[in-house]
Amino acid sequence: MTSKFSLNHQQSKAIKIENTNALVLAGAGSGKTLTIIERVSYLLDRGVNPKRILVLTFTRRAAQELIDRLRTRHSHLDSMVLAGTFHRFCLSSIRSHPHFFQRHVKAIVIDRGDQVSLMKLCRKEVLEHHEPSTFDGELDIPKTSALVELLSYIRSTDTSVFSYLTKFYKDNTQQENQAINDIFNQYKSKKENQRYLDFDDILIDFANRVAKDKELAQIFKKAYDHVLVDEIQDTNVIQWRILENLVNPAWLYCVGDDAQSIYSFRGANLANLQEFTRRVKNSEKLKLTINYRSTQSILSLANYILAQSSWDYDKELTAVHPLGEKPKLIDFQNATQEAEWIVGDIKGKLANNAKIKDFMVLTRTAWSVRTLEAILVEKKVPYKFVGGTSLLNSAHVKDLLALCRAAINPNDELSWVRWLSIFPGIGPKKALLASQAVRKAEDDTDKILAYFDKAFKQYPLIGTCLKLVWAYQKDPADMLDKIIILLEPEVSKLYDNWHARKNDWKLIATLATRHDSITSFIEAYTLDPVTSSAASLSDNENKNALTLITIHSAKGLEAKVCYIIQSQEGSFPHSRSTTKEEIEEERRVLYVAITRAKEELIITRASNFHGESFSQREYFLAKLAKKDELVDYQNKINLFCKDYFRNFRYR
DNA sequence: GCTTTGACACTTTTT
DNA sequence: GTGTCAAAGC
C-alpha cells in the first residue's frame, strides 16, 4: 500500500531501517507522528503480524489517532497493533495476567485527588503521633499535595526518600525527614490495605513483577517483534526498565525531541534519549530536521525563544512552507477583553470560511482559561476543554462514584467516608467507624448489609443502594440511572447550584454505557480523564467544537490558527518555577506552544501592568513587543486605563 | 463528642 | 470551586 504523502529522504530512511534498534530525533513538526505511523504501516506491509507490534504513546489521544489511521490504511487486516500509554499497557497486562498479579485483582485505580485525600490522613496521623516527642512540636512538613508530588517524583525517578531529601531539602532537620518518611510508609500501608493502585504503582508493580518472575518475563520477552515508543524524552527510569523487558529480541524504535521535553516535573529522564545509542546495543541515531507544519515566520519566533537560552538546543528548524504571516502579539486591558477579542476574531474567521477545527486555544494553566470559557458560553460557541479538572474529579460525581467504589471494594475507606457523609447526621467520625466495621466483614455482602441494618437503621437508603450496585455489576449504566433517582433528593441538598451539577450525573450514566463493569469504567476515565465540557458533546459535536487545551496536553497536536492566551509575565516562565532547570523547561513549554501553529499564531497578554518590568525574573516575551522583524505587535489597552495606571504606579 | 456552618484563602504542568 | 479552620449547634 502506498502512502498519499511523499516522504523526504530523511523520513524514508527512518521508516525503512532494518535489523537495528533506532532512535529518531525529530524536531517539532518534522513528522514525528507521521514517522511512527509510516513505520508501523511499513512493517505491516512487510507482513509483520499486527499482534507482534506494540506502540507506546504518550497520550491516549495519540494512540487513538494512530489506530484510526492504520485501520483505514490496512482495512484488510482483522487484528490491529496494540497502541496505548505506558500506564494503559501495564494496567492491561496486570489485568490480563491475574495469576501473576493476585493482589491486584480487587484493586482499584485511584487518581490524584484520592492520593491527596489518603496522604492527608497519613500526614495528620504521623504528625499527631510525632509532635509531643519533639522539642517544640514545630515540624515544618510540606503540604499534603506537595507530599504527593514528592513521593511520586521520588518513586518515578527510583531514588530513596532519604537520599532525595538530604539532597534537595537541605534545611530539613533529621526529625522532619524522619516524619516525611513515616508519612510515606503510612501512605504505602494504607494504600495496600485499602487495595488502591496509584498511577506509579501501575508502572512500578508491573516492572517489579516482571523483573522478579522468570516465567512472566518470558511471556513479555516473547510477545513482540517490534516495540515503538513515541516522545521518548518524556519517559522516566521505570518506563525505561519496562522497555528493557519488552525488547531484545524485539527491536526497539524510539522517536523524540529534547527541545520538547516538558515533563521533568514528573520524573522524565532525558538520558533515555541522550544515552540511547550507548545503552542500546546495535542501535542507530537518525535525525529529522525539516519542518512540514509551520510557516517560516512561526518557526523564526520558536527559534528566537530557544536561542535566548544558555543551553545548546541545536534546533534551528527550517520550514518547507513559505514565510507566511508574522505572528501577532497583542496586549489587552484584562482577561475579559482578551477573551472577547479572541471569540470575535474566531467568529470573524469562521464567517470567512474557516472551520472550527482549524483553531486551537493554548493555555499554560487550566486556571487561566476560565474567563474565555465564560465568554464562549455567553456567545454560544461550542467548545471542549482538554486538560484541567476532570469530570470524575468534581465533588458531586465523586459522591456518586464513591458508592460504587465502596460497594465493589469494601476496604475502600475514602469512599465509605465520602459516601456516608452525604447523609445528614453522619460526619467523618461515624463514617470512619462504619468503614472499619465493614472491613471486618471481609467482603461478605450479607454481613455488610446486616451491619448497616443494625447500626444505621434510620438510613435505609444505604442498604438499598448497596444492593442495587451489587445486583447491577454487569450493567453500570442501568445501575447508575437507578442510583441517581434514589440519591438525588439527598445529594441535591448539599450543593446550592445543583441544577448545573445534575447534568454531570446524567453524563456519567451515559459514559458508563460503553463499559461492562464499574471497575473498567472507573479505570478508563481515571487513566484518561475527560472534562465536563468534552464529555457533554457527542462525537459529532466534538468535531465541531473549539479546542481549548493546556500546552502540556497539546503535545503532538497542531492547528492552522493557534492562540496562546494569558502570556503575560508569570506565565512564561510560570511564576511557580524557580530553579534554573524548571525555568529552562518552561522555555520548552513555550516552544512547544509556538510550534503547534501551522499558519497563524496569535499570542495574547492580559494584565494590568505592561511594558518594563520591575522584577528580576526572566520573562521570555519581555522584549518581544519591540521586535518588529519577529512579530506584529498591537496594543489594545485603552488610553484611559493606561493613564489611570500610570498615575497609580507613580503615586 | 460529633456535625454543621460560615468565613477565608488559594489555584502549574499529567499518566 | 475546593479546602481549611474555628465556632456554633445538636
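By convention in this document, chain letters (A, B, ...) are assigned in the order of the sequence lines, proteins followed by strands, and residues within each chain are numbered from 1.
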- Query: Nearest of C/dG1, B/dT15, B/dT3 to any side-chain atom of A/Arg370?
  - Reply: C/dG1

- Item | Per A/Arg364 side chain, nearest of listed nucleotides C/dG1, B/dT13, B/dT15 | B/dT13

- Note on the structure: Side-chain atoms of A/Arg266 come closest, of C/dG1, B/dT15, B/dT13, to B/dT15

- Message: Applying a 4.0 Å non-hydrogen cut-off, can you work out what A/Ile426 is touching in the nucleic acid: base, sugar-phosphate, or nothing?
- Response: sugar-phosphate

- Task: Would you please confirm or rule out a distance under 4.0 Å between OP1 or OP2 of B/dT12 and any side-chain N or O of A/Ser575?
- Result: no

- Message: Between P on B/dT13 and CD on A/Glu586, what's the gap in Å once rounded to a whole number?
- Response: 11 Å

- Query: How would you label the contact of A/Arg88 with the nucleic acid (heavy atoms, under 4.0 Å): base, sugar-phosphate, or nothing?
  - Reply: nothing

- Provide, to the nearest angstrom, the distance between the CD1 atom belonging to A/Ile110 and the P atom belonging to B/dT15. 16 Å

- Item | Salt bridge present between A/Arg61 and A/Asp528 (N-O < 4.0 angstrom) | no

- Message: Taking A/Glu618 first and then A/Arg587, would you say they form a salt bridge - that is, a charged N and a carboxylate O separated by under 4.0 Å?
- Response: yes

- Between A/Phe206 and A/His104, is the gap from one ring center to the other below 6.0 Å? no

- Between A/Phe89 and A/Phe220, how do the two ring planes meet: parallel, tilted or perpendicular, split at 30° and 60°? perpendicular

- Of C/dT4, B/dT12, B/dT4, the nucleotide closest to the side chain of A/Pro424 is B/dT4

- Message: If you assign A/Leu527 and A/Phe423 each to the DNA chain B nucleotide with the nearest heavy atom, which residue ends up on the more 5' nucleotide?
- Response: A/Phe423

- Message: Out of the candidates A/Glu338, A/Gln568, A/Gln337, only one should pair with A/Thr604 under the side chain to side chain donor-acceptor pair (under 3.5 Å) rule; please name it.
- Response: A/Glu338

- Would the number of heavy atoms belonging to other residues, nucleotides or ligands and lying under 6.0 Å from NZ of A/Lys190 be above 12? yes

- Less than 5.5 Å between centroids and less than 30° between ring planes, does A/His574 satisfy that with B/dT12? yes

- With heavy atoms under 4.0 Å as the rule, sort A/Ser421 into base, sugar-phosphate or nothing. nothing

- Message: In this structure, how many angstroms lie between the C1' atom of C/dT2 and the OH atom of A/Tyr495, rounded?
- Response: 10 Å

- Query: Of all the choices, B/dT13, B/dT15, B/dT3, which nucleotide is nearest to the side chain of A/Thr59 once you look at every atom?
  - Reply: B/dT15

- Of all the nucleotides listed (C/dG3, B/dT14, B/dT13), which has the minimum atom distance to the side chain of A/Lys120? C/dG3

- Message: From C-beta outward on A/Trp367, which listed nucleotide comes closest to its side chain: B/dT4, B/dT14, B/dT11?
- Response: B/dT11

- Message: Would you say that more than 12 heavy atoms from the other residues, nucleotides or ligands in this model lie under 6.0 Å from the CZ of A/Arg60, or not?
- Response: no

- Query: With Watson-Crick and G-U wobble geometry limited to distances under 3.5 Å, how should the secondary structure of DNA chain B be encoded in dot-bracket form, using | for bases paired to another strand and [ ] for crossing pairs?
  - Reply: ||||||||||.....

- CG of A/Leu392 versus C1' of B/dT14: gap in Å, rounded? 16 Å

- Message: The side chain of A/Glu149 is closest to which nucleotide in this list: B/dT15, B/dT14, B/dC2?
- Response: B/dT14

- Message: Among A/Arg418, A/Arg195, A/Lys191, A/Arg405, which residue satisfies the salt bridge (Lys or Arg N to Asp or Glu O under 4.0 Å) criterion with A/Asp412?
- Response: A/Arg405

- Query: Under 4.0 angstrom, heavy atoms only, what part of the nucleic acid is A/Asn497 near: base, sugar-phosphate, or nothing?
  - Reply: sugar-phosphate

Produce the list of close N/O pairs, under 3.5 Å, pairing protein atoms with atoms of nucleotides 8-10 of chain C; give distances to one decimal.
none

- Look at A/Glu586 together with A/Arg364 and state whether they make a salt bridge at an N to O cut-off of under 4.0 Å. yes

- Nucleotide nearest A/Arg576 (side chain, heavy atoms from C-beta), chosen from B/dT12, C/dT2, B/dT14: B/dT12

- Message: Please confirm whether the ring centroid of A/Phe620 lies under 6.0 Å from the ring centroid of A/Phe572.
- Response: no

- Item | Touch class at under 4.0 angstrom, heavy-atom based, for A/Arg588 against every strand present | nothing

- Item | Protein-nucleotide distance (A/Asp496, atom CG; B/dT4, atom C1'), rounded to Å | 15 Å

- Query: Closer to the 5' end of DNA chain B via nearest nucleotide, is it A/Leu433 or A/Ser577?
  - Reply: A/Leu433

- Using atom CD1 of A/Ile202 as one end and atom C1' of B/dT14 as the other, report the distance to the nearest whole Å. 13 Å

- Let me know the distance between CD of A/Glu231 and P of B/dT15, rounded to the nearest Å. 12 Å

- Query: Does A/Glu231 pair with A/Lys32 as a salt bridge, N-O distance under 4.0 Å?
  - Reply: yes

- Message: With the six-membered base ring of B/dT15 as reference, does the ring of A/Phe86 sit under 5.5 Å away with planes under 30° apart?
- Response: no

- Item | Nearest-angstrom distance from the residue atom NZ of A/Lys124 to C1' of C/dC5 | 12 Å

